[in-house]
There are 2 protein chains.
Amino acid sequence: MKKETFSISEFAKSTGVSVRTLHYYDEKNILKPKRDENTGHRIYEKEDMIQLHKIMTMKFLGMSLDNIKDYMQPDTFDLSFIDTLRLQESKLIKDREQIDIALEAIQRTVHLLENEKEVDQAVLISLLASMQHEKKQEELSKGIIKDEVMKKMFPQTAKEKMIVEQGLLTFYKQVREHCGKPADHPEVKQMLDSFYHLILGIFDMDSIEELGEIFSLDLEDKANEERLEAYLKEIERLIPTPITEEEEAWLEQITTDYLSPLWDEEEGED
Amino acid sequence: MKKETFSISEFAKSTGVSVRTLHYYDEKNILKPKRDENTGHRIYEKEDMIQLHKIMTMKFLGMSLDNIKDYMQPDTFDLSFIDTLRLQESKLIKDREQIDIALEAIQRTVHLLENEKEVDQAVLISLLASMQHEKKQEELSKGIIKDEVMKKMFPQTAKEKMIVEQGLLTFYKQVREHCGKPADHPEVKQMLDSFYHLILGIFDMDSIEELGEIFSLDLEDKANEERLEAYLKEIERLIPTPITEEEEAWLEQITTDYLSPLWDEEEGED
DNA sequence: CTTGCGCCTGACGTAACGTGAGGTGGTATG
DNA sequence: CATACCACCTCACGTTACGTCAGGCGCAAG
């Protein structure tokens with residue numbers, strides 16, 4: 001018969017866990033080896049190895065030590081263990097989803113930063129917040145915005161998203177740069193041109209009108225109005241605007257100037 | 001102008017974080033709002049909102065608060081931020097890999113448990129340990145076992161794995177049940193029949209001989225012998241056997257009895 | 001006799017808060 | 001006017017799964 005017992009350091013080495021961890025498991029009544037009555041030293045045996053393997057295995061499945069303790073007594077796993085596993089499974093799936101979302105956001109952000117070298121924090125945070133709450137945003141929008149418009153608002157592929165983000169980013173950058181200049185300044189015009197080019201690349205005119213109607217002043221129905229207000233508030237809470245009040249006012253000014261010829265045309269049509 | 005400032009509870013409600021978290025961020029110098037000099041109450045402003053959004057965004061990317069603090073001062077993100085993101089990315093990818101491995105193990109285990117209702121712990125732990133260290137096991141085996149045999153030893157699809165596991169599980173169960181019975185007992189014969197059927201379903205005869213040779217007594221080369229020994233020790237450390245010494249001895253006995261007719265045949269051939 | 005080794009226990013540190021406990025100032029009510 | 005009730009404050013311990021000292025014990029070698 002071989003040597004049947006291990007000192008704590010031998011046991012630690014042969015199982016790959018630290019001495020401290022073994023102390024801890026002892027302290028927490030998860031793995032309590034025999035003791036040498038004289039010295040008080042821990043004496044680990046083969047059975048303890050098996051127990052430790054159990055513990056490591058359950059840990060690997062992502063369970064907490066408290067949870068593990070409950071499954072250490074009986075000699076067979078039963079149906080309740082399946083439930084525990086199922087619970088773990090759904091938890092892990094959730095975790096993985098979060099990681100996936102974060103990973104995509106990181107990759108898109110790295111892409112933006114690589115092209116721009118230096119990006120305004122507010123803009124980047126706004127974009128990241130938007131990525132972060134993409135799913136929620138889409139859900140929130142479901143009751144408010146028509147499905148066809150929705151499809152255009154939320155681009156599906158990472159590429160489309162990155163194009164939009166790149167466009168928004170340069171737009172915000174230009175806003176910050178040109179704020180205060182008159183509407184007929186060539187750079188301002190160019191800025192608005194490419195912005196509307198971006199927008200029209202996503203939506204068609206019908207969708208834009210649709211969106212415009214949603215925000216038009218008189219709403220048919222009080223309930224709808226409240227829903228819309230709650231929706232806007234929630235979006236605002238989730239996603240900060242990267243635009244200062246000053247810039248917002250300026251933007252409103254120049255866009256009305258920019259669009260006024262179009263309005264005149266439409267009035268002629270009416 | 002609207003109300004510009006918030007009390008801590010207002011701020012908490014409108015941003016969705018807890019009061020305690022705001023206290024904590026204040027304490028850790030991550031977000032320090034102004035104070036009412038009389039009452040000592042915290043006064044949050046719009047800027048603080050932006051800051052908090054930054055914090056939440058970085059947290060969403062998986063960064064620690066310590067790490068976040070470093071990125072809170074300057075007004076632009078620069079290239080070093082890309083590096084941080086890349087670091088985060090690789091960390092998240094690693095995390096996800098771990099989750100994937102655990103998830104597959106869980107799903108395979110649930111599958112086994114569903115078919116068997118009650119499974120011996122030792123067996124299950126052994127299988128789970130095997131899943132847990134699948135990758136390492138494969139790597140360890142690379143230098144020892146020929147590539148062609150490797151391919152057969154490590155089934156690629158989840159289905160194949162589950163078939164093997166199911167087979168092993170019933171085998172171990174029968175071992176436990178029949179241990180001690182003579183080799184010519186019909187149930188024992190049937191057990192060994194289905195075991196070798198399982199094995200032959202994975203390997204062909206050449207591969208089995210190959211494996212047999214590896215473990216044959218005289219090894220050409222001392223270095224190889226040591227490598228093999230280290231390999232076996234590491235596997236043993238990682239994956240506990242679900243078989244007791246008694247069962248092992250019994251198995252050795254009955255397998256030699258079972259295989260003896262085959263050996264006689266081969267001897268005739270030689 | 002001292003040094004060193006392996007073991008022991010006890011206790012503090014970690015991250016990001018949750019959860020009280022106990023105190024203060026201001027307002028609404030009996 | 002006293003009291004109850006808020007909302008806020010600070011202090012401080014609990015959480016998870018250990019890592020990392022610190023101080024002390026018995027035993028063996030130099």
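- For D:dG19, the OP1/OP2 oxygens have a side-chain nitrogen or oxygen of A:Ser18 closer than 4.0 Å.
- Side-chain proximity of B:Ser64 to the nucleotides C:dT19, C:dA16, C:dC7 is greatest for C:dA16.
- Atom CG in B:Leu65 sits about 13 Å away from atom C1' in C:dT14, given to the nearest Å.
- Rounded to whole Å, atom C1' of D:dA17 lies 11 Å from atom CD1 of A:Ile68.
- Contact annotation: B:Lys59 reaches the phosphate of C:dC17 (side-chain N/O to OP1 or OP2, under 4.0 Å).
- For A:Thr39 and C:dC8, the shortest distance from a side-chain N or O to OP1 or OP2 is not below 4.0 Å.
- The NZ atom of B:Lys34 sits 19 Å away from the C1' atom of D:dC9 (whole-angstrom rounding).
- A salt bridge links A:Arg86 with B:Glu114: at least one charged nitrogen is closer than 4.0 Å to a carboxylate oxygen.
- A:Glu104 and A:Arg108 are joined by a salt bridge, as a carboxylate oxygen and a charged side-chain nitrogen come within less than 4.0 angstrom of each other.
- Between A:Lys233 and A:Glu229 no salt bridge is recorded (no basic side-chain N to carboxylate O distance below 4.0 Å).
- Of the side-chain N and O atoms in A:Ser7, one or more sit less than 4.0 angstrom from OP1 or OP2 of C:dC7.
- Between the CG atom of A:Asp26 and the P atom of C:dG10 there is a distance of 12 Å, given to the nearest Å.
- For D:dC9, one of the phosphate oxygens OP1 or OP2 lies less than 4.0 angstrom from a side-chain nitrogen or oxygen of B:His23.
- Taking atom CG of residue A:Leu22 and atom P of nucleotide D:dT20, one finds them 15 Å apart after rounding to whole Å.
- Atom C1' of nucleotide D:dA7 and atom CD1 of B:Ile43 are separated by 14 Å, given to the nearest angstrom.
- Put simply, B:Arg42 has a side-chain N or O that comes within less than 4.0 Å of OP1 or OP2 on D:dC9.
- Side-chain proximity of B:Ser9 to C:dC8, C:dA11, D:dC8: nearest is D:dC8.
- For the pair A:Leu52 CG and D:dC18 P, the interatomic distance rounds to 10 Å; values are reported in whole Å.
- When the nucleotides C:dC8, C:dG6, D:dC8 are ranked by their closest atom to the side chain of A:Arg35, C:dC8 comes out on top.
- The distance between atom NZ of B:Lys28 and atom C1' of C:dA15, rounded to the nearest whole Å, is 8 Å.
- Between B:Tyr71 and B:Phe81, the two ring planes are perpendicular [angle over 60°; tilted spans 30° to 60°].
- Using a distance-only test at 3.5 Å, with no hydrogens or angles considered, no donor-acceptor pair links the side chain of A:Glu116 to the main chain of A:Leu113.
- Close to D:dC18, at under 4.0 Å from its OP1 or OP2, lies a side-chain N or O of A:Tyr25.
- Out of C:dC8, C:dC17, D:dC18, the shortest distance to the side chain of A:Arg20 is found at D:dC18.
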